[in-house]
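So the structure is just underneath, and the comments pick up after that.
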Amino acid sequence: MTPPSKRILAALVAASLMGAATGAAAAPTLAPSPSLPTYGQAVKVELLNTDWPLYLPATRYTRSGNTITIDYEYVTDGYGPARPDFGYIPLSLGELPPGNYAVQARMFDIRNPDAAPLTVSRNVPVVPPSEWGVYTVPMQPDANQPVDVLVRSAAYFDPGTMKVAVSGNVIRVDFDYMASAPAAGATPPGMTTFGSVRVGGLVPGNYRVEAWGRPTTGGASERYFTRDFAAGTQAEVVEFYHATLDHYFVAAGADEVAALDAGGGGGGWKRTGQIFKAWGKAGDAPPSAHPVCRFYASGPNSHFYTGDAGECAQLKALEQSGRAQAASQGTRFTGWGYEGIAFYALVPQNGRCAAGSNPVYRAYNNRAAQGDSNHRFTIDPMMRSAMQMGWLDEGAAFCSPG
């Protein structure tokens, strides 16, 4: 079912867009950037040559192994004049472990939500490093960011034998290789010269990763590759979108992000590709960072975040009085309830972010009267302009370190 806000949007777009599509459009295509990504490069994907521009605020995706599914929305009416919330913006997938990815785009018609989506697919290969060794993905991980360990071997090996163990600051990966099958030869069935295994999030600090290989014919494992790296102190704040609710949500905790990626939180939450940087712990943050209060209201089923100490205190006071009133009336409290510190962030001073940091803009859907309040936090100026078509712009809420 299409949310009321989107039904209103479709009606407004139908009224404002004029004319009809002219000429036969080329077949839709998915274009990766870079065109042939290699290890260490962030990957973006853009949908091109569609009959109708895409509704940018609803773009979201999921990744399951090497399968990536991107959902877009559009309106089937003549298009013109241009609107900033319709168009094309590359979707950021971040760094991906080398391998072949099946990427599918699904295009949903807002005015016909029950209709089957139009689909277009493409294989996107990510090229491994040219030199043998062991690597981390991402190349320079942030605090608690999920990390994959990549092995690039001079001999073919079975990726199913890859196992990882963490002891202190040492990460060990074991794998079984075929000593009789050098990488320059024909590929034996089920074998590869590179593969990756998930380690998980790492706390800030210095690490050494080791790759230990054992011949498939038996014998002791040997340490073939090592690499030193550091997990940074900054954390990614990851944005999710729920198409049915038409709500946005951000999470900085690795466990919460992983749970939402796995379909938790009631299901339906998908990444938007939008992230900004903050700090997960006070000890990792600079003195200028502020604690960000997190609130949840069951009425609109929505979260709210603020790094303004006065705003946080005001909402806590409203919660206290609201809970007392609900208790006296024998009703359930559905207002904003304090959940704790979500993360630590830089905040603007007099509405401006300091040099070397980028503003994170806050938008509000202005649906308190409908019991459906929600806020969105975005670092992308183009997405900020898109949100201004239907949401109130509340300026910079945070400042993401550069």
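These figures come from a predicted structure and were not determined experimentally.
Counting heavy atoms from C-beta outward, Thr378 and Tyr248 have side chains that stay 4.5 Å or more apart. Between Phe225 and Glu131, every side-chain heavy-atom pair lies at or beyond the 4.5 Å cut-off. Looking at heavy atoms from C-beta onward, Asp380 lies in side-chain contact with Gln274 at the 4.5 angstrom threshold. Side-chain contact check for Met389 versus Pro84: some heavy-atom pair is nearer than 4.5 Å. In this structure, the side chains of Met107 and Val120 come closer than 4.5 Å at one or more pairs of heavy atoms. Taking 4.5 Å as the limit, every side-chain heavy atom of Leu96 sits out of range of all side-chain heavy atoms of Pro37. Between Trp279 and Pro401 the shortest side-chain heavy-atom distance falls below 4.5 Å. Between Asp228 and Tyr207, the closest side-chain pair of non-hydrogen atoms is not below 4.5 Å.
No donor-acceptor distance shorter than 3.5 angstrom exists from the side chain of Asp142 to the backbone of Gln145, with no hydrogens or angles considered. Panel note: side chain Asn358, backbone Ile379; no donor-acceptor pair is recorded below 3.5 Å. A donor-acceptor pair under 3.5 Å links the side-chain atoms of Asn365 to the main chain of Asn374, judged by distance alone. Not one N or O on the side chain of Arg376 forms a donor-acceptor pair closer than 3.5 Å with the backbone of Ala363. One N or O on the side chain of Arg63 and one on the backbone of Gly65 form a donor-acceptor pair closer than 3.5 Å. Proximity of a side-chain donor or acceptor of Arg60 to a complementary backbone N or O of Tyr241 within less than 3.5 Å is not detected. Asn144 places no side-chain N or O within donor-acceptor distance of the main-chain N or O of Gly253, the cut-off being under 3.5 Å. Side chain of Glu319 to backbone of Tyr338: a donor-acceptor contact under 3.5 angstrom is found.
Listed by first and then second residue, the disulfide bond (SG atoms under 2.5 Å apart) pairs that reach into residues 113-224 come to none, sequence neighbours excluded. Applying the disulfide bond (SG atoms under 2.5 Å apart) rule to pairs touching residues 362-402 yields Cys353-Cys399, sequence neighbours excluded. Residue pairs meeting the ring pair (Phe, Tyr, Trp, His ring centres under 6.0 Å) criterion with at least one member in residues 99-155, sequence neighbours excluded: Tyr39-Tyr135. Note on residues 216-318: pairs passing disulfide bond (SG atoms under 2.5 Å apart), not counting sequence neighbours, are Cys293-Cys312. Residue pairs meeting the disulfide bond (SG atoms under 2.5 Å apart) criterion with at least one member in residues 137-239: none, sequence neighbours excluded.
By the ring-ring contact (aromatic ring centres under 6.0 Å, His included) test, Tyr72 is found to be paired with no residue, residues two or more places apart in sequence or in another chain being considered. Scored by the side-chain contact (heavy atoms from CB on, under 4.5 Å) test, Asp148 finds Pro97, Val137, Ser196, Arg198 as partners (sequence neighbours excluded). Remark: Arg106 engages Asp71 in a salt bridge (charged side-chain N to carboxylate O under 4.0 Å, His left out) (not counting sequence neighbours). The ring-ring contact (aromatic ring centres under 6.0 Å, His included) test applied to Tyr156 returns no partner, not counting sequence neighbours. Remark: Ser33 pairs with Lys44 by the side-chain contact (heavy atoms from CB on, under 4.5 Å) rule, at least two apart or across chains. For the side chain to side chain donor-acceptor pair (under 3.5 Å) test, residues two or more places apart in sequence or in another chain that qualify with Thr272 are Glu239. Annotation: side-chain contact (heavy atoms from CB on, under 4.5 Å) contacts of Ala326 (sequence neighbours excluded): Thr331, Phe333.
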Steps toward side-chain contact (heavy atoms from CB on, under 4.5 Å) verdict (Tyr177, Thr193): CA-CA 9 Å; Tyr177 68 93; Thr193 59; over 6 Å; no
Phe295 vs His303, side-chain contact (heavy atoms from CB on, under 4.5 Å): CA-CA, chis, key distance, verdict: CA-CA 6 Å; Phe295 294 84; His303 286 82; over 6 Å; no
Derivation of the side-chain contact (heavy atoms from CB on, under 4.5 Å) call for Glu210 and Ile171: CA-CA 6 Å; Glu210 303 175 346; Ile171 303 168; over 6 Å; no
side-chain contact (heavy atoms from CB on, under 4.5 Å) between Tyr55 and Val75, intermediate numbers included: CA-CA 8 Å; Tyr55 180 53; Val75 176; over 6 Å; no
CA sep, side-chain torsions, deciding dist, call: Asp372, His247, side-chain hydrogen bond (donor to acceptor under 3.5 Å, both in side chains): CA-CA 9 Å; Asp372 188 39; His247 281 188; 2.7 Å; yes
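No option in Thr50, Asn49, Leu56 other than Thr50 meets the side chain to side chain contact (heavy atoms under 4.5 Å, CB included) test with Tyr88.
Between His375 and Tyr364, the two ring planes are parallel [angle under 30°; tilted spans 30° to 60°].
Judged by a 6.0 Å distance limit and a 45° cone about the ring axis, Arg384 is positioned over the six-membered ring of Tyr361.
Under 3.5 Å, the side chains of Arg332 and Ser298 contain a donor-acceptor pair of N or O atoms.
Aromatic ring centroids of Phe398 and Tyr305 lie 6.0 Å or more apart.
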